[in-house]
Engineer: 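Could you have a look at this structure, given as structure tokens, before my questions?
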2 protein chains.
Amino acid sequence: MSRASHRPRLVDVAEHAAVSLATASRALAGREGVSTEVADRIRQVARELGYVANPYARTLASGATSTVGLIVHQVDDPYFSEIAAGVIQLASEQGLLVQICQSGRDPDYELQQLRHLIAQRVGIVLISGSGYDDPRMESAARAELAAFQDHGGRAAAIGRHALGVDAVLPDNEAGGHALAQHLMDLGHRRIAVAAGSAGLTTVADRLAGVSSALRERGRSPADLAVVNSDFTRGGGRAAAEQILNDHPETTAIIALNDAMAMGVLSTLRSRRVPVPARMSVVGFDDVSVAADLAPSLTTIRLPMTEMGRTALTLALKPRTTRPRRRPTGHLLVVRDSTGPAPRT
Amino acid sequence: MSRASHRPRLVDVAEHAAVSLATASRALAGREGVSTEVADRIRQVARELGYVANPYARTLASGATSTVGLIVHQVDDPYFSEIAAGVIQLASEQGLLVQICQSGRDPDYELQQLRHLIAQRVGIVLISGSGYDDPRMESAARAELAAFQDHGGRAAAIGRHALGVDAVLPDNEAGGHALAQHLMDLGHRRIAVAAGSAGLTTVADRLAGVSSALRERGRSPADLAVVNSDFTRGGGRAAAEQILNDHPETTAIIALNDAMAMGVLSTLRSRRVPVPARMSVVGFDDVSVAADLAPSLTTIRLPMTEMGRTALTLALKPRTTRPRRRPTGHLLVVRDSTGPAPRT
DNA sequence: CTAGGGTACGTAAGCGCTTACGTAAGCGCT
DNA sequence: AGCGCTTACGTAAGCGCTTACGTACCCTAG
């Protein structure tokens with residue numbers, strides 16, 4: 001590939017402004033040690049020439065990268081794409097570029113992507129998606145991130161804890177609690193849960209909230225039918241099938257994310273189970289399509305886009321000694337997919 | 001930010017393998033001029049040391065970037081996120097990193113993002129989303145891309161033409177044609193179109209297909225009610241409102257993309273218009289949720305993920321003198337949102 | 001009037017790679 | 001034996017920046 005030069009370089013700016021390279025660099029970086037008039041002149045010249053610093057040279061010389069790496073499970077999952085949208089928005093405002101990696105929900109591959117990003121010398125790593133119960137997996141990632149931070153990197157997690165880095169965390173437990181409570185308020189007694197893969201901390205947390213709500217009302221958590229599948233629409237369909245077959249007495253299904261809820265709705269529709277007349281369904285996340293489904297989905301709203309922005313904000317701020325936790329609000333959004341328990 | 005070094009450098013590899021820097025570089029780049037045994041030794045050492053080339057130094061020295069810039073309208077729009085997923089997949093297989101920018105459907109901002117990416121010295125630019133009818137806008141982008149390619153950059157467009165670069169293009173006209181035909185086959189005579197912003201080439205092309213299908217059956221295109229809004233769910237809702245109010249005789253709505261179709265369905269539901277009994281609805285794109293809507297959506301399937309991959313493949317191949325066009329297949333997927341026209 | 005210190009700027013040494021060019025060794029040929 | 005050619009490797013010159021350090025100048029204090 002031929003050299004893509006012909007673009008003005010810093011020397012060109014310096015020459016046109018009749019100053020040295022160092023002064024030009026300082027002026028454009030806004031560092032002190034340059035008189036206001038000279039700095040103005042340099043900036044003016046740079047603008048006229050259409051000068052844009054070569055980020056590769058800059059990074060090589062300074063060691064400070066201006067690109068942020070974002071790891072998601074899958075970009076075409078609305079939960080993650082909304083997070084990505086938030087990250088990209090803020091990054092673009094800050095003049096940063098975002099590099100996206102997909103882990104495909106595979107902890108090994110995710111670790112590999114993380115290593116790759118770090119090897120690529122990104123300055124900031126943002127890692128989203130659920131953590132894994134497997135302690136070996138998590139500690140490998142944790143170690144990688146710790147080393148990265150020791151070398152000056154910044155990192156933050158989104159919706160994920162125990163990584164030893166700053167995190168923006170929804171209260172998954174409270175969310176699960178609110179959903180269960182909502183259903184019990186409607187009179188539901190036989191509740192089933194369509195859960196994502198066992199082994200995901202997000203699953204465990206949301207489920208814990210559901211269980212505790214049941215316990216508070218004197219129900220035995222054993223009454224709760226929990227079906228594990230995965231956090232996709234297909235997973236939701238599969239879980240719904242299993243629930244309908246194995247737990248026919250169920251009158252309400254808690255899907256632990258919206259993608260699964262959509263799958264659940266899809267199965268109920270094809271099985272001609274009226275929602276919410278015969279079965280109530282709730283989701284979790286409130287991805288933007290949730291409001292446009294038929295029936296529209298009762299769910300827990302998480303501010304995904306904002307979470308993305310917040311995570312980047314956290315990573316940009318100077319590090320504190322202890323990892324910070326930034327909670328996110330959550331809100332029970334009641335729509336048409338839930339209704340009173342059917343009389344038996 | 002402190003220097004993130006401590007990582008092995010090429011000199012370290014060279015020293016350990018007792019060769020010169022140049023030889024090490026050649027061996028790892030797989031270039032010739034190194035005996036097989038020496039090359040093997042060097043690769044071995046590199047592996048042991050966990051050496052990963054610093055992409056910034058590499059790019060600075062060689063001028064060849066290994067990152068691809070992708071411009072989409074919005075990452076949290078499923079159409080684009082599926083394209084992005086495809087690009088990221090292939091890029092990751094090739095060891096390339098993807099930088100994503102959002103243009104927010106604003107031609108000016110899009111141009112700005114394009115300039116930004118080029119200034120950032122990405123090696124490949126992929127630009128997706130509809131083009132604009134405004135010739136000034138397009139020629140500015142065209143010029144920018146031409147200059148970029150002259151300097152050795154690679155570029156490709158996705159679902160967009162007239163940019164003077166390689167393009168992977170669905171046959172929007174044929175798709176529109178197929179939709180209209182399908183509806184007419186079902187007996188619909190009063191068809192309305194919920195179109196995206198006027199001024200988008202995609203809108204014009206899809207609409208042209210619809211019109212030509214009508215013409216072939218001896219219908220006047222004037223019979224077609226076209227309502228312009230924008231390519232979002234909100235746009236679809238607005239368009240549907242207008243259609244119901246201004247064209248009450250309508251029995252079928254062609255939404256020019258799936259996002260709008262979802263908005264249309266949403267409005268019809270809240271206005272209690274049964275689909276497809278009273279109104280048929282079709283979309284365009286077949287985003288993955290389309291099959292899970294209620295009713296599931298009849299639409300034109302476009303292989304978005306594959307389009308993303310193909311575009312990157314195109315850009316990776318050596319350029320030809322004339323821009324290449326790679327058509328994509330499309331397929332009418334008939335689901336539950338369409339049915340026979342109601343008797344009046 | 002000079003020493004000391006601050007300010008504004010220039011000089012030059014890298015950052016970690018790639019690559020044009022130089023060199024030495026080995027080969028077949030006349 | 002001497003020539004040229006190829007092959008395998010080393011030397012060193014950058015790529016376009018940042019930044020530690022050096023220098024000239026002006027200001028104030030003693």
Side-chain angles (χ1 to χ4, degrees), chain A residues 1-43 45-46 49-67 119-121 123 151-152, chain B residues 1-43 45-46 49-67 119-121 123 151-152:
Chain A
M1 207 179 280
S2 81
R3 303 223 50 263
S5 72
H6 301 314
R7 295 195 148 267
R9 294 157 307 162
L10 188 55
V11 263
D12 302 322
V13 175
E15 272 174 19
H16 280 251
V19 294
S20 78
L21 212 60
T23 306
S25 171
R26 275 187 289 254
L28 295 176
R31 233 164 319 123
E32 58 180 9
V34 187
S35 66
T36 333
E37 23 182 353
V38 174
D40 282 346
R41 178 156 44 97
I42 293 174
R43 273 190 289 266
V45 170
L49 263 53
Y51 171 76
V52 181
N54 182 323
Y56 294 90
R58 183 197 289 270
T59 299
L60 184 57
S62 72
T65 21
S66 63
T67 113
Q120 292 282 322
R121 273 73 171 180
H151 292 347
Chain B
M1 207 180 282
S2 82
R3 301 222 53 263
S5 72
H6 301 314
R7 295 194 148 268
R9 294 158 306 160
L10 188 55
V11 264
D12 301 322
V13 176
E15 272 173 19
H16 280 251
V19 294
S20 77
L21 211 59
T23 306
S25 171
R26 276 188 288 253
L28 294 176
R31 232 163 319 125
E32 58 180 9
V34 188
S35 66
T36 332
E37 26 183 351
V38 174
D40 282 346
R41 177 156 44 95
I42 293 173
R43 274 190 288 265
V45 170
L49 263 52
Y51 170 77
V52 181
N54 181 325
Y56 293 91
R58 183 197 288 271
T59 298
L60 185 56
S62 72
T65 21
S66 64
T67 113
Q120 292 283 322
R121 273 77 170 178
H151 292 348

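In what follows, chains are A, B, ... by sequence order, proteins preceding strands, each numbered from 1.
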Engineer: In whole angstrom, what separates B/Leu10's CG from C/dT19's C1'?
Structural biologist: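 It works out to 13 Å between those atoms.
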Engineer: Taking the side chain as every heavy atom from C-beta outward, state whether B/Gln120 and B/Thr67 have any atom pair closer than 4.5 Å.
Structural biologist: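 A side-chain contact under 4.5 Å is absent here.
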Engineer: So, OP1 or OP2 of D/dG16: does either fall under 4.0 Å of a side-chain N or O from A/Arg58?
Structural biologist: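 So the side chain of A/Arg58 is outside the cut-off, no N or O lying under 4.0 Å from OP1 or OP2 of D/dG16.
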Engineer: What's the CD-P distance between B/Gln120 and D/dG16, to the nearest Å?
Structural biologist: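 That distance rounds to 16 Å.
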Engineer: For B/Ala119 and A/Pro55, which heavy atoms make the closest approach, and how far apart are they?
Structural biologist: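 Closest approach of B/Ala119 to A/Pro55: O-CD, 4.0 Å.
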Engineer: Taking only the side-chain nitrogens and oxygens of A/Thr23, find out if one of them lies under 4.0 Å from OP1 or OP2 of C/dG10.
Structural biologist: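 So the side chain of A/Thr23 is within the cut-off, an N or O lying under 4.0 Å from OP1 or OP2 of C/dG10.
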Engineer: Watson-Crick or G-U wobble partner for D/dA20, using a 3.5 Å limit on both distances?
Structural biologist: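 Partner of D/dA20: C/dT11.
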Engineer: What is the base-pairing partner of C/dT30, counting Watson-Crick and G-U wobble geometry with both distances under 3.5 Å?
Structural biologist: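 When the pairing criteria are applied, D/dA1 turns out to be the nucleotide that pairs with C/dT30.
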Engineer: Classify the nucleic acid contact of B/Ser25 as base, sugar-phosphate or nothing, counting any heavy atom under 4.0 Å across all strands shown.
Structural biologist: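 B/Ser25: base contact, heavy atoms under 4.0 Å.
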Engineer: Applying a 3.5 Å limit to both distances, which nucleotide forms a Watson-Crick or G-U wobble pair with C/dG6?
Structural biologist: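 Answer to the pairing question: D/dC25, which forms a Watson-Crick or G-U pair with C/dG6.
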Engineer: How many whole angstroms separate atom CZ of B/Arg121 from atom P of D/dC15?
Structural biologist: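 Rounding to the nearest Å, CZ of B/Arg121 and P of D/dC15 are 14 Å apart.
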Engineer: The side chain of A/Asn54 lies closest to which of these nucleotides: C/dG16, D/dC17, D/dC9?
Structural biologist: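 Nearest listed nucleotide: D/dC17.
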Engineer: If you only use heavy atoms from C-beta on, which nucleotide in C/dC9, C/dC17, D/dT19 is closest to the side chain of A/Arg31?
Structural biologist: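 Within the option list, the nearest is D/dT19.
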Engineer: Looking at C/dC15, D/dC9, D/dA20, which one has an atom nearest to any side-chain atom of A/Ala22?
Structural biologist: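 Output: D/dA20.
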Engineer: Rounding to a whole Å, what distance do you find between B/Leu60:CG and D/dG14:P?
Structural biologist: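 Result: 14 Å.
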Engineer: From C/dC17, D/dT18, C/dG10, pick the nucleotide closest to the side chain of B/Leu21?
Structural biologist: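 Given the options C/dC17, D/dT18, C/dG10, the side chain of B/Leu21 is closest to C/dC17.
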Engineer: Whole Å only: how far is the CD atom of B/Glu32 from the P atom of D/dT7?
Structural biologist: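 Going from B/Glu32 (CD) to D/dT7 (P), I get 8 Å.
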Engineer: Side chains of A/Tyr51 and A/Ile42: closer than 4.5 Å at any heavy-atom pair?
Structural biologist: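 Sidechains of A/Ile42 and A/Tyr51: no contact.
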Engineer: Report yes if at least one side-chain N or O of A/Thr59 is closer than 4.0 Å to OP1 or OP2 of C/dC15; otherwise report no.
Structural biologist: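 Indeed not, no polar side-chain atom of A/Thr59 lies that close.
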Engineer: Would you say a side-chain N or O of A/Ser20 is under 4.0 Å from OP1 or OP2 of C/dG10?
Structural biologist: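 Looking at the OP1 and OP2 atoms of C/dG10, one of them is under 4.0 Å from a side-chain N or O of A/Ser20.
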Engineer: Out of D/dC17, C/dG10, D/dC9, which nucleotide sits closest to the side chain of B/Ser35?
Structural biologist: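 Of all the options, the side chain of B/Ser35 is nearest to D/dC9.
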Engineer: Between B/Tyr51 and C/dC17, is there a contact of a side-chain N or O with OP1 or OP2 at under 4.0 Å?
Structural biologist: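 Answer yes for this pair, as a side-chain N or O of B/Tyr51 is under 4.0 Å from OP1 or OP2.
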Engineer: If you compare every side-chain N and O of B/Arg26 against the phosphate oxygens of C/dT18 (OP1, OP2), does one of them come in below 4.0 Å?
Structural biologist: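 B/Arg26 to C/dT18 OP1/OP2: no side-chain N or O under 4.0 Å.
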Engineer: Whole angstrom is fine here: how far is it from CD1 in A/Ile42 over to P in D/dC17?
Structural biologist: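 Going from CD1 in A/Ile42 over to P in D/dC17 covers 14 Å.
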Engineer: Hey, which of these two, A/Tyr56 or B/Ala24, hits DNA chain D nearer its 5' end, going by closest nucleotide?
Structural biologist: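 Result of the comparison: B/Ala24.
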Engineer: Please check this pair: side chain of A/Arg41 against backbone of A/Ala17, looking for a donor-acceptor N/O pair closer than 3.5 Å.
Structural biologist: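 The answer is yes, because a donor-acceptor pair under 3.5 Å joins these two groups.
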